[in-house]
Amino acid sequence: MESSPDVAIVGAGAAGAAMGIVLARRGLSVRLLEKSEAHVDRVRGESITPWGVEEARRLGLVDILIGAGGHLVPRLVVFGEDLDPAVALSRPIDLTTMFDGVGGALKLAHPKICQAFDDAAEAAGAELLRGVTRVEVEPGARPVVRYRLRGATREIRPRLVIGADGRGSAVARQIGVRVETDPLHHIFGGLLIEGADGWADDYYAIGNEGNGNYYIFPQGHGRYRLYYAYSAARRREFAGPDGAKNFLAAFRLASIPDSEIIANARPAGPCQGYPNADSWVDRPVAPGVVLIGDAAGHNDPTIGQGLSIALRDVRLVSEALAGNPAWTPEIFEPYVAERRERLRRLRVSAREFSRFRCEYTDEARERRRIALERIGRDPSLALPFQVPLRGPDELPDDVYTPAVWHRLYG
């Protein structure tokens, strides 16, 4: 058995690498075990909403993201098929006033986020191993981790294992946690484009038109991530050799200005769609093991909370370790309780947002029309739409309930 670090982190994506940075900066020995040789575009995890940027600021990670090309977007504009684009542009949501020192939402390609955090973790003193396969974790007071690297099986016994190996986590299965999942409601697809110079890059856009809910996230230098929520019946339309072409065609929209600039851009990555459904783990811990990020369950991507959730996980778990010399399972109870309630609140918000934005029947369109009218008379009714921006604990408690949505159109 080789020498063991204080902490073994399974997965060196955004969550795992961010944890590696924080713990290594605090003087702990950290080993990151990553299966990929290079991070690739998987059409996920590229938008950090203001509450997540605040988490990154508290962790000392914002400068890393900006240095890697992170694009801070100060405004959000909500468009719609029943709304004149000029009127929508005249009333943007200011994202710079939500948290002190946070200049908006941050947009950056997921592979760049992961690589920037990997590099920073190594610079802080963490050891990063790539090409790791067959990771096996045995929980216990002194957990055991076995893995394969360059044809050899290795074994270590760290003080703690952090599972950050994403959706379908092998670590979660091995420690026997129970994963619960919502039913499928719609498909959430994405495509990276380039050559869209001339379209605005100082706001990001969201809106409904026809049979889809669209998002346009600028990443700077003429690159944008497009997201599109559509019914499962349209899966084939955006798959196969014509998938990207059809996806771009869906962005020829009357409800946004200059949509032809977006629709005529070049694909710069894969066109992929994913089920929107939430998954969650009520107790993401076992003796000697704790799960963070998507390994501990993920929110419906329709409201874009994945990276913000992961950064909060990193902060709470790292603070638990710093505040307790004995790393027993009990030190993670505050994290477990906070994460359970955080994911519950975000799950309610995502369910209602998906029902409101990602249904395309006449009844759904009427709900949106009624809501728009009521918000015009009483802007406080728009508070539920602030949840993805302000997070799970900045707004009154009733905003995180279905009832507040029903007041919009009920």
Side-chain angles (χ1 to χ4, degrees), residues 40-49 69-73 75-81 85 88-89 92 104-113 186-232 234-276 300-307 353-354 357-358 360 388:
V40 298
D41 185 0
R42 300 189 188 280
V43 193
R44 61 177 64 167
E46 297 192 331
S47 177
I48 308 179
T49 57
H71 185 69
L72 276 170
V73 184
R75 299 182 297 151
L76 162 63
V77 178
V78 180
F79 295 97
E81 53 200 345
L89 285 168
L106 194 145
K107 315 297 182 183
L108 182 61
H110 190 75
K112 292 183 179 181
I113 294 173
H186 61 272
I187 303 296
F188 194 69
L191 175 69
L192 183 66
I193 61 169
E194 60 187 7
D197 305 273
W199 210 78
D201 67 357
D202 61 346
Y203 69 83
Y204 72 95
I206 178 174
N208 279 85
E209 186 172 323
N211 292 319
N213 172 215
Y214 59 83
Y215 307 71
I216 305 173
F217 290 166
Q219 295 186 355
H221 309 291
R223 291 168 71 92
Y224 296 79
R225 174 68 74 180
L226 309 181
Y227 290 107
Y228 193 59
Y230 51 92
S231 71
R234 299 180 68 191
R235 267 182 168 151
R236 292 186 180 180
E237 185 178 345
F238 304 115
D242 292 329
K245 180 185 74 173
N246 294 337
F247 201 91
L248 284 169
F251 281 78
R252 286 192 170 87
L253 299 161
S255 57
I256 61 171
D258 302 317
S259 68
E260 286 297 317
I261 294 175
I262 297 295
N264 291 330
R266 299 183 301 274
C271 181
Q272 293 179 340
Y274 297 91
N276 78 297
D300 179 346
T302 309
I303 62 169
Q305 301 296 287
L307 286 170
F353 186 97
S354 291
R357 283 280 182 198
C358 305
Y360 313 112

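Atoms considered below: every heavy atom in the structure, side chains included; atoms not considered: hydrogens, waters and symmetry mates.
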- Item | Atom pair CD1 (I193) and CD (Q219), whose distance is rounded to the nearest 0.5 Å | 9.5 Å
- Note on the structure: All heavy atoms of P218 vs all of A200, minimum pair found to be CB-O, 4.3 Å
- Side chains of T302 and R357: does their closest heavy-atom pair fall under 4.5 Å? no
- Item | N/O donor-acceptor pair under 3.5 Å between N213 side chain and C358 backbone | no
- Query: Which salt bridge (Lys or Arg N to Asp or Glu O under 4.0 Å) pairs, counting each pair once, include a residue from residues 214-230, with sequence neighbours left out?
  - Reply: D41-R225, E46-R225, E194-R223
- Could you state the interatomic distance from CG (L307) to CG (L108), rounded to the nearest 0.5 Å? 9.5 Å
- Of all residues at least two apart in sequence or in a different chain, which pass the side chain to side chain contact (heavy atoms under 4.5 Å, CB included) check with S255? E209, Y214, L253
- Quick one: OG on S354 to CG on D300, what's the gap to the nearest 0.5 Å? 4.0 Å
- Are side-chain heavy atoms of P92 and L76 found at a separation under 4.5 Å? no
- Message: Testing the basics here: between R235 and P275, what is the closest heavy-atom pair and its distance to 0.1 Å?
- Response: NH2-CG, 4.4 Å
- Item | Within-4.5 Å side-chain heavy-atom neighbours: Y274 and P301 | no
- Item | Inter- and intrachain pairs under salt bridge (Lys or Arg N to Asp or Glu O under 4.0 Å), touching residues 242-260, at least two apart | D242-K245, R252-E260
- Task: Answer whether the closest heavy-atom distance between the side chains of I262 and I216 falls below 4.5 Å.
- Result: yes
- Query: Quick check: does any side chain N or O of N276 sit under 3.5 Å from a backbone N or O of F188, one acting as donor and the other as acceptor?
  - Reply: no
- Backbone of N211 reached by a side-chain donor or acceptor of R234 within 3.5 Å: yes
- Query: Does the H186 side chain pair with the main chain of G212, one donor and one acceptor, at a distance under 3.5 Å?
  - Reply: no
- Query: Minimum heavy-atom separation for D202 to R75, with atom names?
  - Reply: OD2-NH2, 2.9 Å
- Give a yes or no on whether the backbone of P388 and the side-chain of Q305 come within a donor-acceptor separation of less than 3.5 Å. yes
- Side chain of W199, backbone of Y224: donor and acceptor closer than 3.5 Å? no
- Item | Gap separating the OH atom of Y215 from the OG atom of S47, nearest 0.5 angstrom | 10.5 Å
- Message: Measuring from atom SG of C271 to atom CG of L226, what distance do you get when rounded to the nearest 0.5 angstrom?
- Response: 9.5 Å
- Message: As an exercise, state the distance from CD1 of I256 to CD1 of I206, rounded to the nearest 0.5 Å.
- Response: 12.0 Å
- Query: Which pair of heavy atoms, one from S231 and one from Y360, lies closest together, and at what distance?
  - Reply: N-CE1, 4.2 Å
- Measure the acute angle between the ring planes of F251 and Y228, then classify it against the limits of 30° and 60° as parallel, tilted or perpendicular. tilted
- Note on the structure: What one should report as the nearest heavy-atom pair of Y230 and G273 is OH-CA, 4.0 Å
- Item | Closest contact, heavy atoms only, N246 versus F238 | O-CE2, 3.6 Å
- Student check: side-chain heavy atoms of P267 and L248 closer than 4.5 Å: yes
- Is the Y227 ring parallel, tilted or perpendicular to the F217 ring (thresholds 30°, 60°)? perpendicular
